[in-house]
Amino acid sequence: TIHKDLMNEESFKKYNILKEYPLKIELIKYFRSNNLLWSSRGFEVQDPLNTLYFVLDGDGYVGYDNKTIPLKKGCIYLIPTKRTRFYGCKNFIEKYWCFFQMRNSLGIDLLDGHSDIVCLTDNLFSKNIHPLFENTTLKNMLKIQGLIYDLFEEKKLLDLFLNRRNLKEKKYTKVFQYIENNLSAK
């Protein structure tokens with residue numbers, strides 16, 4: 001455990017969030033395909049876990065709610081769990097993608113309730129990061145986790161996710177208090 005005096009209050013708060021909602025990478029894959037094979041063909045799909053696309057090249061896109069987001073070379077995109085979307089490419093797409101989760105001990109994912117697909121970088125996915133995916137050793141997996149944490153911090157997503165989580169928890173606090181005060185066996 002890190003002692004509170006070793007970091008400022010905001011950093012300590014975020015550290016505790018990350019302890020409560022540890023990031024677990026479930027799968028990392030390389031993918032390259034042409035337009036015939038990488039298309040949802042008008043259907044919407046959703047993944048069972050949060051997804052990151054690390055776009056290497058191509059002219060792919062994802063879309064939802066009448067929005068189409070071009071997948072730009074060198075960018076990293078966050079697709080929250082259960083986000084229905086369509087996808088495809090005009091010619092081809094080349095990317096790494098990974099499934100991950102950030103679940104607490106109750107099974108609640110920190111990203112639950114977040115529905116937007118977010119571009120986390122603007123050409124940050126550089127030649128320095130690419131080798132991490134080519135050789136997924138434990139050391140590289142830990143570096144990838146650190147990269148994801150850095151991206152979330154840079155985009156202030158931890159604050160956003162935590163605020164949404166707190167709003168949800170406050171919503172149910174009154175219900176639990178009522179049950180405790182009126183319906184529990186005392």
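In this chain, residues are counted from 1 in sequence order. All values below were derived from every heavy atom in this structure, side-chain atoms included, with hydrogens, water molecules and symmetry-related copies excluded. Only a predicted model underlies this, so the values are computations on that prediction, with no experimental measurement involved.
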Participant: For T84 and E44, indicate whether the former's side chain and the latter's backbone hold a donor-acceptor pair under 3.5 Å.
Facilitator: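 Such a contact is absent between T84 side chain and E44 backbone.
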
Participant: Between atom CZ of R32 and atom NZ of K95, what is the distance when rounded to the nearest 0.5 Å?
Facilitator: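 Separation between the atoms: 13.0 Å.
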
Participant: To the nearest 0.5 Å, what is the distance between CD on E26 and CZ on F100?
Facilitator: 11.0 Å

Participant: Cluster question for you: counting only ILVMFWY and a side-chain heavy-atom cut-off of under 4.5 Å, with indirect links fine, are V55 and F92 together?
Facilitator: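 Different hydrophobic clusters.
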
Participant: Carefully, step by step, assess N140 and L138 under the rule side chain to side chain contact (heavy atoms under 4.5 Å, CB included).
Facilitator: CA-CA 5 Å; N140 286 348; L138 175 59; over 6 Å; no

Participant: Would you say W38 ends up clustered with V45 if hydrophobic residues are merged whenever their side chains have heavy atoms under 4.5 Å apart, either directly or through other cluster members?
Facilitator: yes

Participant: Could you measure the distance from the OH atom of Y53 to the CD1 atom of I69? Nearest 0.5 Å is fine.
Facilitator: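 Here the interatomic distance stands at 11.0 Å.
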
Participant: Heavy atoms, side chains only, cut-off 4.5 Å: are I93 and N34 in contact?
Facilitator: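 In short, these two side chains do not touch, never coming nearer than 4.5 Å.
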
Participant: Would L27 and L142 show up in the same hydrophobic cluster when neighbours are defined by side-chain heavy atoms closer than 4.5 Å?
Facilitator: no

Participant: Would you say the side chain of S115 lies within less than 4.5 Å of the side chain of Y64, judging by non-hydrogen atoms?
Facilitator: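 Side chain of Y64 against side chain of S115, heavy atoms only: no contact under 4.5 Å found.
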
Participant: Nearest heavy-atom pair of C119 and C75: which atoms, and what distance?
Facilitator: SG-CB, 4.0 Å

Participant: Taking the side chain as everything from C-beta on, heavy atoms only, tell me whether Y61 gets closer than 4.5 Å to F86.
Facilitator: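 Touching, per the 4.5 Å side-chain cut-off.
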
Participant: Applying the side-chain contact (heavy atoms from CB on, under 4.5 Å) criterion to Q101, which one of D109, T81, L111 satisfies it?
Facilitator: D109

Participant: Evaluate the side-chain proximity of L71 to Y77: yes if any heavy-atom separation is below 4.5 Å, no if none is.
Facilitator: yes

Participant: Kindly give the heavy-atom pair with the smallest separation between Y149 and M102, and that separation in Å.
Facilitator: CE2-CE, 4.0 Å

Participant: Nearest 0.5 Å please: distance from the CG atom of L49 over to the CD1 atom of I79.
Facilitator: 12.5 Å

Participant: Among D116, D47, D65, exactly one meets salt bridge (Lys or Arg N to Asp or Glu O under 4.0 Å) together with R85. Which residue is that?
Facilitator: D47

Participant: Step by step, work out the side chain to side chain contact (heavy atoms under 4.5 Å, CB included) result for F54 and L147.
Facilitator: CA-CA 12 Å; F54 300 81; L147 167 72; 4.0 Å; yes

Participant: I need the I148 CD1 to I76 CD1 distance, nearest 0.5 Å.
Facilitator: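 I148 atom CD1 to I76 atom CD1 measures 8.0 Å (nearest 0.5 Å).
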
Participant: Which heavy atom in H114 sits nearest to a heavy atom in P80, and how many Å separate them?
Facilitator: O-CB, 3.1 Å

Participant: Verify side chain to side chain donor-acceptor pair (under 3.5 Å) between D59 and N91, making sure each step is shown before the conclusion.
Facilitator: CA-CA 7 Å; D59 51 17; N91 296 299; 2.8 Å; yes

Participant: How many angstroms lie between atom NZ of K19 and atom OH of Y21, to the nearest 0.5 angstrom?
Facilitator: 14.0 Å

Participant: For side chain to side chain contact (heavy atoms under 4.5 Å, CB included), just list the numbers for Y30 and E94, CA-CA rounded to whole Å, side-chain angles, deciding distance to a tenth of an Å, and then say yes or no.
Facilitator: CA-CA 8 Å; Y30 169 80; E94 182 179 15; 2.5 Å; yes

Participant: Are the ring centres of F31 and W97 closer than 6.0 Å?
Facilitator: no

Participant: Does any non-hydrogen side-chain atom of L78 lie less than 4.5 Å from one of I117?
Facilitator: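 No, side chains not in contact.
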
Participant: Quick one, L110 and R103 - any side-chain contact, counting heavy atoms below 4.5 Å?
Facilitator: no

Participant: Can we say K72 and D57 salt-bridge, meaning some charged N sits less than 4.0 Å from an Asp/Glu carboxylate O?
Facilitator: no

Participant: Looking only at heavy atoms, which two atoms of M141 and I25 are closest? And how far apart?
Facilitator: CE-CG2, 3.7 Å

Participant: Above 12 or not: heavy atoms from other molecules or residues under 6.0 Å from NZ of K139?
Facilitator: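 At most 12 heavy atoms, drawn from other residues, nucleotides or ligands, come within 6.0 Å of this atom.
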
